[in-house]
Amino acid sequence: MKVLHLCYSDLDGGAARAAYRLHIAQRRFGIDSHMLVVNKLSDDDNVHAVSKWNNVRIKIINYLTYKCLRVNKKIELGYIQLIYFHQDW
């Protein structure tokens, strides 16, 4: 079985640490577990960081989403729908 955990970080924050512990436990039981993270802090070879370019794209989208949601709360223009499709598959 192959497992890929998707997280923002591998060791920064409670949810990230819990996902990392699950990843380690699965590796110990012989499951082919990997993590894909934006912010890699460990030296684990099975934890992979996204490329620098994708990291920048993720941070820009997070920033714009945050700003749009704040504008939506202040002005009450209705709902702002943000859709992001990644076309590199």
Trainee: Measuring from atom CG of Leu22 to atom CE of Met35, what distance do you get when rounded to the nearest 0.5 angstrom?
Mentor: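 Here the interatomic distance stands at 9.0 Å.
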Trainee: Backbone N or O of Val47 within a donor-acceptor pair of the Lys40 side chain at under 3.5 Å?
Mentor: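 Yes, the answer is positive, given that a donor and an acceptor are paired below the 3.5 Å cut-off.
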Trainee: Between His34 and His5, is any side-chain donor less than 3.5 angstrom from a side-chain acceptor?
Mentor: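 The criterion, which ignores hydrogens and geometry beyond distance, is not satisfied for His5 and His34.
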Trainee: Check for me, please, whether Tyr63 and Ile58 land in the same ILVMFWY cluster - side-chain distances under 4.5 Å, paths through other members count.
Mentor: no
Trainee: Are Val3 and Asp32 side-chain neighbours, meaning at least one heavy-atom pair lies under 4.5 Å?
Mentor: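 With C-beta onward as the side chain, the pair stays apart.
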Trainee: Could you grab the distance from atom CG of Leu11 to atom OG of Ser42, nearest 0.5 Å is fine?
Mentor: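 So the gap between those two atoms works out to 5.0 Å.
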Trainee: At what distance, to the nearest 0.5 angstrom, does CG of Leu41 lie from OH of Tyr20?
Mentor: 10.5 Å
Trainee: Below 4.5 Å, heavy atoms only, C-beta onward: do Cys7 and Val37 meet side chain to side chain?
Mentor: yes
Trainee: Where do Arg17 and Asp12 land on the salt bridge (charged side-chain N to carboxylate O under 4.0 Å, His left out) test, with the steps shown first?
Mentor: CA-CA 7 Å; Arg17 280 186 240 137; Asp12 187 25; 5.6 Å; no
Trainee: Measure the spacing between NE2 of His23 and OG of Ser33 and express it to the nearest 0.5 Å.
Mentor: 5.0 Å
Trainee: Is Tyr8 reachable from Leu4 through a run of hydrophobic residues whose side-chain heavy atoms are each under 4.5 Å from the next?
Mentor: yes
Trainee: Enter the distance from Asp43:CG to Asp10:CG here, rounded to the nearest 0.5 Å.
Mentor: 9.5 Å
Trainee: With a 4.5 Å heavy-atom cut-off, do Asp44 and Ile24 have their side chains touching?
Mentor: yes
